[in-house]
Structures are given as structure tokens and as C-alpha cells.
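As C-alpha cells, the structure follows; a few thoughts come after it.
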Amino acid sequence: QVQLVEIGGGSVETGGSLRLSCTASRFTMSKHRMAWFRQYAGKKREGVAVIYPGSSATYYADSVKGRVTIAKDDALNILYLQMDRLSPEDTAIYYCAATPHRYFPPALESNLYEYWGQGTQVTVSS
């Protein structure tokens, strides 16, 4: 079965950076739309960034635009999320996700994503 495993979370101070990775197995990343979501305690998951197959076009939530970069390596089946200038508002559990609905909008609708990782905690202290 498909498995997505995130690593790279941790604790940083405001203004710091983290790079999250998501390794996919039994899965062809190049055939799926890949995304990162995050979930605050007691809140619904929200989309952070998405990257499309083929063109690798990207889309970002307004809350992270300019501070976050999503990228992938199809050959290695790894998805990345580079996060810079982190603030306490970025504290959340971060999940990678995949959907075979490659171009079906909206880009960051969580219900469209079929495969999810277990999540990795990101904590930003002030």
C-alpha cells in the first residue's frame, strides 16, 4: 500500500528555517498532485502548498507565500517543503498528501487528497 513518511519537523526560534521531506513508497509521485497541509491544535487541516505533476507548477496559501517553497524529486519520490522566516503562527503538525486528481480544483481542498503521511510537528518559539 502507498506510504508517505514525513521527516524534518522540530523546534526553531522565530525567524528560523526548516526543511520538511516526505518520502513516498509504492507510489509514483510523478503521476500525482502533491501537497503540504498543516493542522493547528483543535483546528481543521489547511493547505499550505501544492505542486503539480509534469510542469511542477506550484501554488501557495497566502499565509505562507514568499516564505515557503515546495519542490519534489520524482526520481527519488521525495517531496520537500522549505520554510523560512518562521513565526509562532507556523506552529502546527505538517502533513504531506497526494491525489490522483492531478488538476481538479481547488488546489488545496483536503477532501481531494487520498494519501496522507502521519505528520511531523513544527514548533516555532518567540
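Nearest heavy-atom pair, L81 versus A49, reported as atom, atom and distance to 0.1 Å: CD1-CB, 4.2 Å. Considering all non-hydrogen atoms of both residues, S30 and P53 come closest at O-CB, 3.1 Å. Residues D84 and S17 approach most closely at OD1-OG, 2.8 Å, considering heavy atoms. The shortest heavy-atom contact between V68 and Y60 is O-CE2, 3.2 Å. The two atoms that bring A61 and G47 nearest to each other are CB-O, 3.4 Å, heavy atoms only.
Side chain of R38 to backbone of T91: no donor-acceptor contact under 3.5 angstrom is found.
The OH atom of Y94 sits 10.5 Å away from atom OG1 of T120, with the distance rounded to the nearest 0.5 Å. Note that OG of S63 is 7.5 Å distant from CG of D90, once rounded to the nearest 0.5 Å. For the atom pair CG (D73) and OH (Y80), the distance works out to 5.5 Å, reported to the nearest 0.5 Å. Separation of atoms CG (L18) and CD (Q82) is listed at 8.5 Å; rounding is to 0.5 Å. We find the OG1-CG distance between T28 and D74 to be 9.5 Å, quoted to the nearest 0.5 Å. With rounding to the nearest 0.5 Å, the separation of CD in E13 from OG in S87 is 13.5 Å.
Side-chain contact check for E46 versus Q39: every heavy-atom pair is 4.5 Å or farther apart. The shortest side-chain heavy-atom distance between S21 and E6 does not fall under the 4.5 Å cut-off. Within the 4.5 Å cutoff, the side chain of L112 has heavy atoms near those of the P106 side chain. Between V50 and Y113, some side-chain heavy-atom pair lies under the 4.5 Å cut-off. Contact annotation: the side chain of H32 never approaches that of R102 to less than 4.5 Å [non-hydrogen atoms, C-beta and beyond]. Side chains of I70 and L79 form a contact here, defined as non-hydrogen atoms less than 4.5 Å apart. When side chains are defined from C-beta on, V122 counts as touching L20, because their heavy atoms get closer than 4.5 Å. In this structure, the side chains of R26 and Q3 come closer than 4.5 Å at one or more pairs of heavy atoms.
Cluster membership check: L108 does not share its hydrophobic cluster with V48, using side-chain heavy-atom separations under 4.5 Å among Ile, Leu, Val, Met, Phe, Trp and Tyr. Placement of L76 and M34 in two distinct hydrophobic clusters is found when ILVMFWY residues are connected by side-chain heavy-atom separations under 4.5 Å, directly or transitively.
In this structure, F37 and W116 have tilted ring planes: the angle between them lies in the 30° to 60° band. Ring planes of Y52 and Y103: parallel class, angle under 30° (limits at 30 and 60°).
The closest side-chain donor-acceptor pair between R45 and Y40, if any, does not fall under 3.5 angstrom.
Annotation: K43, atom NZ; neighbour count of heavy atoms from other residues, nucleotides and ligands within 6.0 Å does not exceed 12.
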